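Worksheet for the structure shown next.
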Amino acid sequence: MTEEPYRWLVAVANRREYVRDQLRGGSPAFAVSLPDGILLLGVGSGQSKVFELFDRHAMGGLGHPADIEKIRQAAIDAAHTEAFTRAPEDVSLRRLVSFGLSPQLKTNFEQIFNAPFLVELLLTEIGSEPEKDLLLRLHFDGAFQFQMGGVQVAASQRDPEIAAQNWLKEAFNGKVDRNKAAEHLLQAWWCLMENKPFGEGMPTESERQAGWRALTKGREVEMGWLARKSPRAARYEPLTMAQVGL
Amino acid sequence: MNSVTPIAGDFLSLLAAHKLAPLSSSVSAAAPVQTQATTVFAFHFADGVLMAGDRRATAGNIIVTDKVDKVIEIDATTLLAIAGVPATAFEMARVLQTSFEYYRRSQLQPLSLPAKVRALARLLRENLPMTMQGVGVVVPLFAALDQSVTPAKPQIYFYDPLGAQFQATGHVASGSGSGTIRSILSFQEQHGKPKPSQMNLKDAVRFALRLLMVASEFDSATGGVNPATQTYATIKLLCPTGVEAISDEQQAEFLR
């Protein structure tokens with residue numbers, strides 16, 4: 001099969017379909033850059049969605065727990081080795097993804113006798129100001145997009161993901177505090193989980209609020225906060241619902 | 001591919017897999033003059049543990065600098081005070097800082113207190129060849145929170161140069177000026193009013209600064225505390241909530 005280009009293309013296309021099918025229905029993850037830091041949010045049912053990677057770096061995503069774990073471990077190993085051999089300031093998301101995670105994901109995806117990673121990920125790096133915050137979207141095939149500041153969504157389906165991202169951009173247009181941001185992200189999470197539209201026909205705010213509250217019962221809302229200013233090198237702290245007024 | 005598989009959560013084995021193991025240098029017979037000398041100490045006070053150190057580094061009879069921080073925050077709940085050769089001691093601190101954070105992030109739980117205490121003992125043992133040849137001797141003090149009890153309890157440990165670890169019940173001191181300090185601490189603990197363990201923050205900081213002033217009178221390798229020249233110590237606290245630093249401004253205020 002590998003010596004026949006046409007069959008290889010078909011095999012890769014089949015894998016893409018297989019991975020997307022496996023990820024369908026996965027609980028989305030979010031990251032938003034705010035004046036005081038970056039908020040990451042995910043809603044899990046028994047598995048973690050949001051993780052600290054290094055002093056200024058965190059990750060969220062959906063997918064198979066074992067695959068998320070492999071990527072997380074690889075990122076943590078690379079970041080700490082880099083920090084020890086050079087300096088913590090030299091650990092950058094760009095290098096971590098461009099030269100480490102992305103090639104590995106691409107290799108596993110295209111080598112059709114290897115198992116592909118079943119993941120859709122968000123990685124973040126806090127900057128000295130919101131415009132320098134780096135939000136990175138990393139896909140199961142190794143493709144990635146960088147973005148400075150703003151909001152990023154990782155969902156299993158591309159069109160709803162973009163719709164949710166556009167709606168959140170609109171909602172965060174102007175100054176939004178952390179508590180309001182968390183509430184908006186949960187509304188977007190509910191819409192994505194329930195396949196609600198983000199444009200015309202979108203549920204009202206009160207419906208969205210009631211919706212996420214009902215749907216998160218029995219699940220764990222996980223939030224991580226990368227603080228822009230801190231006396232400590234490690235900027236990450238997990239947040240509880242009470243800490244964001246929910 | 002690396003032939004050695006790292007142990008889960010063990011940063012040193014990860015470094016070894018990349019052939020980056022620290023503290024593995026051999027010693028030549030023509031070793032340079034070592035930068036060293038110190039007075040560092042720690043004692044329990046009413047709110048937790050106070051750890052302090054002077055800021056002088058010397059090489060023989062030469063004062064190299066009076067701006068060294070010898071009390072180092074390893075993580076949010078751990079302090080290390082270094083006495084001995086800074087080159088080795090700072091590298092040990094860096095290894096510990098990265099190792100503890102690496103374990104916490106990769107294993108999604110903090111390292112236990114006994115494991116932290118042993119991690120430093122392991123580094124001292126790995127430094128044994130340097131210690132035995134009289135180059136790179138480090139005799140550190142260590143303080144960390146015991147989070148297995150509620151509220152978390154600050155504990156103090158000290159080591160010998162070969163890596164043996166001991167828990168200090170009240171106070172401990174290390175470095176060339178430690179003899180003087182130890183006598184005063186012991187006297188104050190037995191006969192003082194208040195005893196160090198009963199002191200509030202202000203009294204504890206003032207006591208620590210005065211200890212360093214006395215140590216510097218008897219040990220030329222210990223930098224003193226002199227408000228007139230804005231020369232202060234490095235003082236850090238380990239309270240049930242974690243590590244806090246006492247700034248030069250706070251020290252000046254407490255000394256008034």
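Here is the naming used below: chain letters follow the sequence lines, and residue numbers restart at 1 for every chain. The basis for the numbers below is simple: all heavy atoms, side chains too, and nothing from hydrogens, waters or symmetry mates. None of the values given here were measured: they were computed from a predicted structure.
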Do you see a donor-acceptor pair shorter than 3.5 Å between the side chains of Glu183(A) and Trp212(A)? yes
Name each donor-acceptor pair under 3.5 Å that joins a side chain in residues 58-71 of chain A to protein atoms two or more places apart or in another chain, with its distance.
from	atom 1	to	atom 2	distance (Å)
His64(A)	ND1	Ala66(A)	N	3.1
Asp67(A)	OD2	Leu118(A)	N	2.8
Glu69(A)	OE1	Arg72(A)	NE	3.2
Glu69(A)	OE2	Arg72(A)	NH2	2.7
Glu69(A)	OE2	Gln73(A)	NE2	3.4

Compute whether any side-chain donor of one residue and acceptor of the other, for Asp77(A) and Tyr102(B), lie under 3.5 angstrom apart. yes
Looking only at side-chain N and O atoms, does Glu161(A) offer a donor or acceptor that is under 3.5 Å from a partner on Gln165(A)? no
Write down the atom of Val205(B), the atom of Ile235(B), and the distance for their closest heavy-atom approach. CG1-CD1, 4.0 Å
Part of Ala76(B) lying under 4.5 Å from any heavy atom of chain A: both
For chain B, which residues of residues 220-238 of chain A have at least one non-hydrogen atom nearer than 4.5 Å to it? Arg232(A), Ala234(A)
Centroid separation Phe109(A) to Phe140(A) less than 6.0 Å: yes
Could you tell me which portion of Glu101(B) (side chain, backbone, both or neither) has an atom closer than 4.5 angstrom to a non-hydrogen atom of chain A? both
Let me see the working for Phe144(A) and Phe146(A) under ring pair (Phe, Tyr, Trp, His ring centres under 6.0 Å), right down to the final yes or no. CA-CA 7 Å; Phe144(A) 58 87; Phe146(A) 288 105; 5.3 Å; yes
